[in-house]
Amino acid sequence: MKSEQEGDYLEEDASQENGIIQPTQYSSISPPASPVEQDEPFSTYFEEKVHIPENGNQVFSFRKLWAFTGPGFLMSIAYLDPGNIESDLQSGAKAGFKLLWVLLVATIIGLLLQRLAARLGVVTGMHLAEVCNRQYPTVPRIILWLMVELAIIGSDMQEVIGCAIALNLLSVGRIPLWAGVLITITDTFVFLFLDKYGLRKLEAFFGFLITVMAVSFGYEYVLVKPDQGELLKGMFVPYCADCGPVQLEQAVGIVGAVIMPHNIYLHSALVKSIYSLLLVPEVDRKNKKEVKEANKYFFIESSIALFVSFLINSFIICFFWSWLQNTECNATGSPHTDLFPLNNGTLEVDIYKGGVVLGCFFGPAALYIWAIGILAAGQSSTMTGTYSGQFVMEGFLNLRWSRFARVLLTRSIAITPTLLVAIFQDVQHLTGMNDFLNVLQSMQLPFALIPILTFTSLTSIMNDFANGLVWKISGGIVILVVCAINMYFVVVYVTALNSIPLYVLAAFLSVAYLCFVGYLAWHCLVALGVSCLDFGSRVRNTPAMLVEEQSECDP
């Protein structure tokens with residue numbers, strides 16, 4: 001049994017071995033006691049204090065769950081961004097109900113990974129980017145930050161373009177793509193300052209956007225009336241009859257679209273920020289009972305939020321499959337008949353063509369409702385993407401800039417490539433860009449999944465809340481499978497380029513990429529307990545275990 005002293009968080013930021021300070025060794029983390037007590041507090045965007053009701057000896061309290069509600073629903077918006085919606089469309093068009101079980105499994109895996117992110121924020125009082133800043137040396141830390149920024153830029157481009165497409169549909173083509181991008185960027189600045197009116201008002205706004213998505217896509221689902229028996233079979237029977245490479249590639253795309261790297265960083269930051277405001281009664285991170293209770297309620301809230309996102313994604317897959325075969329626009333006077341194949345073949349859909357199809361089959365009202373849903377998805381995910389960029393930049397670079405400067409910088413990072421795409425790309429031909437951005441984000445997944453498993457497995461960081469053996473093994477397997485699946489997606493995309501120079505460039509980048517992933521994986525394996533690999537590693541669970549760990553592999 002651990003002593004009380006071992007159970008407390010260690011205060012030093014660097015370990016000392018043989019009288020020599022080791023600033024590069026993984027150090028234990030002491031959570032800040034209170035935002036007020038810090039000289040340079042984390043620049044949270046939320047200032048409204050949230051009351052935690054007393055529940056006596058109750059095992060569960062809805063009032064207490066409500067107090068912890070917020071971060072999970074904000075996090076779940078990333079599961080409903082335009083990139084996910086387009087992946088749903090493609091899945092419905094190419095595989096019908098057969099891959100619903102893949103979406104279900106991917107959402108469950110996402111929930112388990114989000115649980116690790118939430119626990120890190122609650123237990124340490126720091127989010128993943130801040131922990132990476134403390135624990136990794138300078139060069140790996142900068143490379144890691146750049147990789148995460150690439151993932152955020154790719155996601156941001158999908159979200160902004162999605163909003164621009166929705167505005168184009170709502171205006172019947174009067175608002176061009178580039179103008180929609182500018183409008184989206186401008187209104188995002190406005191919406192991001194809603195938190196100044198109170199945390200609950202901001203959460204209510206995000207809740208409203210999620211409700212708009214649920215109602216919009218739910219309306220289309222009811223309108224189409226898919227076969228419920230086939231739906232349930234596709235959701236709970238892990239089998240894909242008569243499936244080939246096309247369906248396999250689509251299944252990989254579903255996993256890559258659902259599990260997004262920057263969302264791990266975002267969730268740990270949101271949980272840490274919200275938890276810091278639960279001060280009535282005052283929260284004590286060193287109180288194991290209170291921390292355990294917070295972890296429980298944050299997990300329940302995340303489960304509910306991701307269940308809602310799963311339903312919405314399922315709506316989209318189901319109603320598109322129900323009538324997207326042998327498509328031929330039958331609405332009189334439609335200006336988009338040129339988008340439909342003349343040979344009654346299957347239409348290659350994206351979020352733009354999806355709205356057009358709905359308008360052709362069910363009238364203009366269906367098109368506008370679809371566009372409103374896409375606009376809500378794009379706008380909400382753009383806002384959370386901007387929060388991700390700010391948390392990541394502050395954490396990795398230890399920035400303490402003004403609020404406006406942070407928003408301006410993080411929004412500007414993605415505006416240039418997005419505007420270039422909007423100016424030079426036709427709104428009807430954006431599927432190729434979306435595939436490229438999905439590949440880009442798939443490649444960045446290890447740079448979120450490996451660090452979160454590493455740090456949540458270290459006793460020196462998580463104390464009594466470090467991952468147990470089951471979580472270490474299952475987490476390692478999940479991360480290995482997810483990364484392998486997404487790397488397959490990357491290989492399929494690269495081989496389809498049919499260009500020798502691009503093959504050479506891809507090979508060069510792959511070597512550098514795999515070397516860095518191997519570096520992170522090495523530290524992760526040592527943290528998971530494979531101490532035989534601990535030759536010069538910076539990973540230590542606790543100073544007391546140092547000698548024992550080093551001698552485990554001795555003869």
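Start at 1 with the first residue, then count along the sequence. All values below come from the heavy atoms of this structure, side chains included, with hydrogens, waters and symmetry mates left out. A quick note: this is a predicted structure, and the numbers were derived from the prediction, not measured.
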[X] and [Y]: which non-hydrogen atoms are nearest, and at how many Å?
X      : Y      : result
Ser388 : His262 : OG-CD2, 3.5 Å
Gly83  : Ala257 : O-CB, 4.5 Å
Ser91  : Ile317 : OG-CD1, 4.1 Å
Ser381 : Pro82  : OG-CD, 3.6 Å
Met126 : Lys272 : N-CG, 3.9 Å
Glu149 : Val392 : OE2-CG1, 4.0 Å

Is a side-chain donor or acceptor of [X] paired with a backbone partner of [Y] at a separation under 3.5 angstrom?
X      : Y      : result
Gln379 : Cys163 : no
Asn313 : Ser309 : yes
Gln444 : Pro261 : no
Glu130 : His127 : yes
Lys98  : Ala241 : yes
Trp370 : Ala365 : no

Is any side-chain heavy atom of [X] closer than 4.5 Å to a side-chain heavy atom of [Y]?
X      : Y      : value
Trp145 : Phe447 : no
Asp88  : Phe315 : no
Met443 : Tyr513 : yes
Asn84  : Met260 : yes
Glu230 : Phe97  : yes
Glu220 : Leu223 : yes
Phe73  : Ser302 : no

Next item on the list: For side-chain contact (heavy atoms from CB on, under 4.5 Å), just list the numbers for Ile351 and Leu89, CA-CA rounded to whole Å, side-chain angles, deciding distance to a tenth of an Å, and then say yes or no.
Entry: CA-CA 8 Å; Ile351 56 177; Leu89 298 183; 4.1 Å; yes

[X] [atom1] to [Y] [atom2] distance, which is reported to the nearest 0.5 Å:
X      : Y      : atom1 : atom2 : value
Leu311 : Leu306 : CG    : CG    : 11.0 Å
Met235 : Trp101 : CE    : CH2   : 13.5 Å
Ile185 : Thr418 : CD1   : OG1   : 6.5 Å

Distance alone, cut at 3.5 Å: any donor-acceptor contact between the side chains of [X] and [Y]?
X      : Y      : result
Gln158 : Glu86  : no
Glu159 : Ser155 : yes
Ser457 : Asn467 : yes

Notebook entry, point to check: Between Tyr519 and Phe516, how do the two ring planes meet: parallel, tilted or perpendicular, split at 30° and 60°?
Noted result: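 If you compare the ring of Tyr519 with that of Phe516, the planes turn out parallel.
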
Check: Any idea how Tyr265 and Phe396 line up, ring-wise: parallel (<30°), tilted (30 to 60°), or perpendicular (>60°)?
Finding: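 If you compare the ring of Tyr265 with that of Phe396, the planes turn out tilted.
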
For residues 103-123, which side-chain N or O atoms pair as donor and acceptor with protein atoms under 3.5 Å away, sequence neighbours left out?
residue, atom, partner, partner atom, Å
Thr107, OG1, Leu103, O, 2.8
Gln114, OE1, Tyr79, OH, 3.3
Gln114, OE1, Asn263, ND2, 3.2
Gln114, NE2, His267, ND1, 3.0
Arg119, NH2, Phe465, O, 2.9

Which pairs of donor and acceptor atoms, one on a side chain in residues 205-218, lie under 3.5 Å apart (sequence neighbours left out)?
residue, atom, partner, partner atom, Å
Thr211, OG1, Gly207, O, 2.8
Ser216, OG, Val212, O, 2.7

Check: With a 6.0 Å cut-off on ring centres, are Phe508 and Tyr503 close enough?
Finding: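 Not close enough - the centres of the two rings lie 6.0 Å or further apart.
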
Check: Of Leu375, Leu367, Ile374, which is the lone residue that meets side chain to side chain contact (heavy atoms under 4.5 Å, CB included) with Leu169?
Finding: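 Output: one option passes, namely Leu367.
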
Check: Residues in side-chain hydrogen bond (donor to acceptor under 3.5 Å, both in side chains) with Tyr221, at least two apart?
Finding: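 Testing Tyr221 for side-chain hydrogen bond (donor to acceptor under 3.5 Å, both in side chains), a comparison that skips the adjacent residues, returns Gln228.
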
